[in-house]
Amino acid sequence: MSQSSSLHVAIVMDGNGRWAGRRGLPRVAGHRAGAEAVRRTVEAAPDSRVTALTLYAFSADNWKRPPGEVAALMRLFARYLRTETPRLAAHGVRLELIGRRDRLPLPLVAAIDAAERATARGARLHLRLAVDYSSRWAIAAGVILPDVDLLIRTGGEQRLSDFLLWECAYAELYFTPTMWPDFGAAQLAAAVAEFRARERRFGGLPEVAAG
Ligand code: FPP
């Protein structure tokens, strides 16, 4: 199963604030470094034969953060979309936003719409950005819920935080102490290698016993 031709990896990108704090920098500097890690990871994904990548960028509960940090994150998302869209399109990446759009700033909604239109034909990697996202909300709204194969969480915490609850029914879970701004191609490849070494049984028996 783990050798199947499709591989959906989902990542809870955690640790930006602590990464910045350890360097005596403001939290927003951690988010900016986190955006670089997003760039590196998206670029590296096809090399690890990842076909779909879902990134948890902003949860419905993240609105509780200080208004200045929220505004900085919204600007960062819009800037990422504007600057990265040509590269995403050129590399065959199809971008899709999952989450509510009705509470987002209008310039961000415009950047999302433009990015989705410009990348609609991408067939190499399906990149799903979860912004103002709540898994409970998505389940209740009856949106399409594609199975996740591998769930990665950085930053040392070991919980799902309302991310892809239904889709992770049989996901392999991979937790790493690496802070998100330090994540990139090598860390993704290591997680995928561990995933491929695991035996997925989906409630059945090991292949030898079943034979
Ligand atoms: C969690 O770290 C991270 C977030 C809430 C924001 C995720 C945003 C990015 C990775 C920036 C760019 C994203 C895109 C899509 C361009 P935290 O701040 O909760 O870290 P902490 O647990 O160390 O405080």
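Counting starts at 1 for both ligands and their atoms, following the listed order. Because only heavy atoms are used, hydrogens play no part in the values below, and waters and symmetry mates are left out as well, while side chains stay in.
Using cut-offs of 30° and 60° for the angle between ring planes, the F202 and Y170 rings count as tilted.
For R22 and W19, the positive end is not near the middle of the six-membered ring at less than 6.0 Å and at most 45° from its axis.
Remark: E43 engages R87 in a salt bridge, criterion side-chain N to carboxylate O under 4.0 Å. Using a 4.0 Å cut-off between a side-chain N of Lys or Arg and a carboxylate O of Asp or Glu, D61 and R65 do not qualify as a salt bridge. For E84 and R40, the salt-bridge test fails: no basic side-chain N is under 4.0 Å from an acidic carboxylate O.
Relative to atom 19 (O) of ligand 1, the option among R18, R79, R65, E69 with the closest non-hydrogen atom is R65. Across S161, G155, A57, heavy-atom proximity to atom 4 (C) of ligand 1 is greatest for A57.
Near N62, meaning under 4.0 Å from one of its heavy atoms, ligand 1 places the atoms 5 (C).
The protein heavy-atom contact nearest to atom 15 (C) of ligand 1 is L129 CD2, 3.8 Å. Remark: minimum distance from atom 10 (C) of ligand 1 to any protein heavy atom is reached at N16 ND2, 3.4 Å. The nearest protein atom to atom 24 (O) of ligand 1, hydrogens excluded, is given as R27 NH1, 3.1 Å; this is a heavy-atom distance. Looking from atom 11 (C) of ligand 1 to the surrounding protein, the closest heavy atom is H31 O, 3.4 Å. Looking from atom 1 (C) of ligand 1 to the surrounding protein, the closest heavy atom is M13 O, 3.1 Å.
By the 3.5 Å distance cut-off applied to N or O atoms, Y80 is not counted among the residues near ligand 1.
Aromatic rings of Y174 and F195 (six-membered ring for Trp) have centroids beyond the 6.0 Å cut-off, not under it.
Only the side chain of F77 comes within 4.0 Å of ligand 1, counting heavy atoms alone; its backbone N, CA, C and O stay farther away. Contacts between W180 and ligand 1, counted as non-hydrogen atom pairs separated by less than 4.0 Å, involve the side chain only. Contacts between R32 and ligand 1 below 4.0 angstrom, taking non-hydrogen atoms only, are absent altogether.
Taking W180 as the reference, nothing meets the side-chain hydrogen bond (donor to acceptor under 3.5 Å, both in side chains) condition, with sequence neighbours excluded.
Contact between D14 and ligand 1 is present, with at least one heavy atom of the residue lying under 4.0 Å from the ligand.
Side-chain contact of R100 with S134: a donor-acceptor pair under 3.5 Å is absent, judged by distance alone.
Atom CG in L88 sits 8.0 Å away from atom CG in L81 (nearest 0.5 Å).
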